[in-house]
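Have a look at the structure below, then the notes.
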Amino acid sequence: MPLSLFAQGERPNILYIMCDDHAMQAISAYGSPISKLAPTPNIDRLAERGMKFNEAFVENSLSTPSRACLMTGLYSHQNGQRQLAEGIDSTKTFFSELLQGAGYSTAVVGKWHMSCSPKGFDYYHVLDDQGQYYNPTFASTGQYGNFKQEMGYATDLITDHAIEYLNNRDKNKPFCLLVHHKAPHRLWMPNTKYVSKYANVNFPLPETFWDDYETRGSAASTQKMSIDKYMEMVRDLKVPEMYDPSTPEGRDSYAGLMGEMNRMTPQQRAIIDAYYMPRNREFLSKNLTGKELIEWKYQNYIRDYMAVIASVDESVGRLLEYLDKNNLTDNTIIVYTSDQGFYMGEHGWFDKRFMYEESFHTPLIISYPKHIKEGSECNQMVQNIDFAPTFIDLAGLQKPKYMPGTSLQPLFAGAPVKKWRKSLYYHYYDYPTYHLVRKHDGVRTERYKLIHFYGKGGERAVVENKYQGQPGTRENNCFNALKSINYFTDDADIDYWELYDIKSDPNELHNIYGKPGTQKIEKELKKLLANYRKNLKVDE
Ligand code: SGN
Ligand code: CA
């Protein structure tokens, strides 16, 4: 038996579609109550053609760390990109370089979000940093840094450029195309044609919406990602009528909204205003408070988020159609995923970062007619460290020994693979910055999850010192912006554990760490975590 199905010179095309912050709860193939009211027929079609991974995870639930992990096949502490604004160690080899060297035509289109220019690509057409929804700026091959505005909606433009590349590529080579959407990142700004799509839909509240964080340690309460307190009325919910120019927070929120609105053409703006203005008038006339106000925020957050997803789903449909029409479907592996999961009101939150299920998980659907049975599912644990090894395997190359992940190929047959990992390591470092989620690492097995939250009080001062000498850098700008809106609270030393039995408590409401009867599993999981840390040389 050859080691890999792919080692026989099969070398299929690779189409990798990655969204930004696309929660599993927002894909109807995964069957959540929200997605039933806002289905994603094209992404579902991909799942019908291929395999749906129910247990796919990231190693650090944040954009740039996930992208650095994708490109290098390395954990954050190995590739340098631990925090959002920290730069990747660009001396590391990117899998795109290996594929290019092996005769693939390589391309990336959309959100790049790395501190270095795209490496190992024959073609790129990428957004500036986080990118914008309306009439965004892109830099093209060989001109990274030279961003030029294009007219249209980001998701549509990214799809157009992906198709342009497919048309113009060197057809003598297999291709590897990465389509990285900006959508559905905050501030969830829908395209004109979908802005009112869910105006009259009332989405069910998640079971944990009113979580009071009892039994959890302090991090679950000190975060700044609750819909109630931190989802901004002006920027996030698009109610500029509530602009408060008297505070830095108010000014920042208004500037954030206008940053996107002022990019629109008068025609685009008229359609967007025609939806939000009457909605806002009605909302303001009701003077909602308390729970009613929080629920209004939730409904309108989900309406916008799902309207943004409508464009993503349409993009997937266009790409599938292109492959079908050009007889490429049979020899192309299509991967659909996100840079991480997202909270859609679970625990009362938006954003991600925590090792809790909704943000640790990421959607993953793979179709490959030659080797993956239609409508199959995988319940074994996979992680984004596995993408680079999979693509390298597809190209018929040997995985470099230093890469910790594993090619997903053995799972494609659909039967449970005996010699597969039984646990995962996770590490989040991005504190103190946006959303103030405390640092933590941990392990997850098929049944349990152990998390260690840690960090010294005064880390704010450490970060301040670190960036003091670097005026003008992204890190410095980001930190100053947060400081100016009084974002930081005094932080305390923390060092505590949480333990969940995910099988009996999938919502992770009951931290059982230290409870009677858990000593044995605690000991086992602590040993597992210590082994990961030792073997991977984790240094904090
Ligand atoms: C921005 C967002 C945050 C978000 C980070 C990281 N604020 O800073 O809400 O957590 O990106 O997101 S915003 O006001 O600029 O939208 S990530 O997807 O890039 O990791
Ligand atoms: Ca993201």
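Counting starts at 1 for both ligands and their atoms, in listed order. Count residues from 1 along the sequence.
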* So does Q130 have more than 12 non-hydrogen atoms from other groups sitting under 6.0 Å from CD? ->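 Yes - once you tally the heavy atoms of other residues, nucleotides and ligands closer than 6.0 Å, there are more than 12.
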
* Ion pair check, E260 and R235, cut-off under 4.0 Å ->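 Not counted as a salt bridge, because no side-chain N and carboxylate O are separated by less than 4.0 Å.
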
Return the name of the atom in [X], of element N, O or S, nearest to the Ca ion (ligand 2).
X    : answer
D20  : OD1
D21  : OD1
D339 : OD2

* To do: Check the angle between the aromatic planes of F350 and Y301 and answer parallel, tilted or perpendicular using the 30° and 60° thresholds.
  =>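 Geometry flag for Y301 against F350: perpendicular rings.
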
* Asked: What orientation do Y16 and H180 show, parallel under 30°, tilted 30 to 60°, or perpendicular over 60°?
  ->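 Rings of Y16 and H180: perpendicular, over 60°.
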
* Asked: How would you list, by chain and number, every residue that makes a ring pair (Phe, Tyr, Trp, His ring centres under 6.0 Å) with F453, sequence neighbours excluded?
  ->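 Partners of F453 under the ring pair (Phe, Tyr, Trp, His ring centres under 6.0 Å) test: H440, Y496.
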
* **Set of residues that line ligand 1, where lining means a heavy atom lies under 4.0 Å from it** =>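 Its neighbours under 4.0 Å (heavy atoms only) are D20, D21, L62, S63, L84, K111, H113, Q130, H185, R186, R235, D339, Q340, D351, K352, R353, Y434, H435, given by chain and number.
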
* So, T390 side chain and L408 main chain: donor-acceptor pair closer than 3.5 Å or not? ->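 Yes; at least one donor-acceptor contact below 3.5 Å.
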
* Taking T208 for the side chain and D211 for the main chain, is one N or O donor matched with an acceptor at less than 3.5 Å? ->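 Between the backbone of D211 and the side chain of T208 there is no qualifying donor-acceptor contact (under 3.5 Å).
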
* So is K291 actually on top of W296's ring, under 6.0 Å and inside 45° of the axis? ->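 No, K291 does not sit over the ring of W296.
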
* Asked: Any N/O/S atom, backbone or side chain, of Q340 lying under 3.0 Å from the Ca ion (ligand 2)?
  ->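 Yes, within the cut-off.
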
